[in-house]
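What follows is a set of notes on a single structure, which appears directly below.
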Amino acid sequence: FYVISGIEYAMSYNKSHMLLKRISAIRNEPDTEKRLMMLQQLNGSLPKDKRLNIPSLITNAYVRKALDMIEERIFVSA
């Protein structure tokens, strides 16, 4: 039981760490089109109940807000 719990914790930690790295990469990407593509890929990789309904017209401000919302959905409500 403890070994499985440790493995599950490590896997959960690794997933969280990878999500944070992806979010950071999107935040640091200077090219708007690439940021949007990266956000859409990230959003598509999330569990359906954690995904955002991304509007068709997107600004840099929305990308920042969307990343904040993803962090909140993944890490605060976990």
Side-chain angles (χ1 to χ4, degrees):
F1 173 73
Y2 294 111
V3 173
I4 292 172
S5 294
I7 292 170
E8 288 174 357
Y9 173 78
M11 289 174 60
S12 176
Y13 175 81
N14 287 339
K15 285 182 184 179
S16 297
H17 184 71
M18 291 304 296
L19 279 172
L20 287 173
K21 284 180 74 171
R22 288 178 73 185
I23 289 170
S24 179
I26 297 168
R27 288 187 196 281
N28 294 323
E29 175 56 51
D31 183 278
T32 303
E33 291 297 319
K34 190 169 180 182
R35 286 181 76 190
L36 174 57
M37 180 189 69
M38 293 166 73
L39 173 61
Q40 290 173 329
Q41 289 174 342
L42 172 64
N43 193 53
S45 72
L46 297 174
K48 287 185 180 186
D49 65 324
K50 303 291 183 184
R51 290 182 193 162
L52 301 177
N53 292 321
I54 297 178
S56 58
L57 180 63
I58 299 178
T59 64
N60 269 328
Y62 178 81
V63 172
R64 287 189 298 272
K65 181 179 178 181
L67 294 171
D68 291 341
M69 291 187 307
I70 288 172
E71 283 181 324
E72 184 176 315
R73 287 182 182 197
I74 298 298
F75 300 108
V76 174
S77 65

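When a residue number appears, it is its place in the shown sequence, counting from 1.
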- Query: Which is it for I70 and L19 under the side chain to side chain contact (heavy atoms under 4.5 Å, CB included) test, yes or no, and what are the steps along the way?
  - Reply: CA-CA 10 Å; I70 288 172; L19 279 172; 5.7 Å; no
- Side chain to side chain, L46 and L52, heavy atoms closer than 4.5 Å: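 Side chain of L46 against side chain of L52, heavy atoms only: no contact under 4.5 Å found.
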- Heavy-atom distance under 4.5 Å between the side chains of Y62 and I54, does that happen here?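 Yes, at least one pair of side-chain atoms sits under 4.5 Å.
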Return the set of residues passing side-chain contact (heavy atoms from CB on, under 4.5 Å) with [X] (not counting sequence neighbours), or none when no residue passes.
| X | value |
| --- | --- |
| T32 | N60 |
| L36 | Q40, I58 |
| P47 | D49, K50 |
| K48 | R51 |

- Separation between CG of L39 and CD1 of I23, rounded to the nearest 0.5 Å: 9.5 Å
- Between atom CD1 of I74 and atom CG of L42, what is the distance when rounded to the nearest 0.5 Å? 8.0 Å
Side chain to side chain donor-acceptor pair (under 3.5 Å) partners for [X], two or more places apart:
| X | answer |
| --- | --- |
| D31 | none |
| R27 | D68, E71 |
| T59 | none |

- Query: Looking only at heavy atoms, which two atoms of R22 and S45 are closest? And how far apart?
  - Reply: NH1-OG, 3.1 Å
- Query: Where is the tightest heavy-atom contact between R35 and E29, given as atom of each residue plus distance?
  - Reply: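 So the minimum-distance heavy-atom pair works out to CD-O, 2.8 Å.
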- Message: Hydrophobic clusters here meaning ILVMFWY residues chained together by side-chain heavy-atom distances under 4.5 Å, can you tell me if I26 and L20 are in one?
- Response: yes
- Query: Are M37 and V63 in one and the same hydrophobic cluster, where Ile, Leu, Val, Met, Phe, Trp and Tyr link if side-chain heavy atoms are under 4.5 Å apart?
  - Reply: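 Cluster IDs for M37 and V63 differ.
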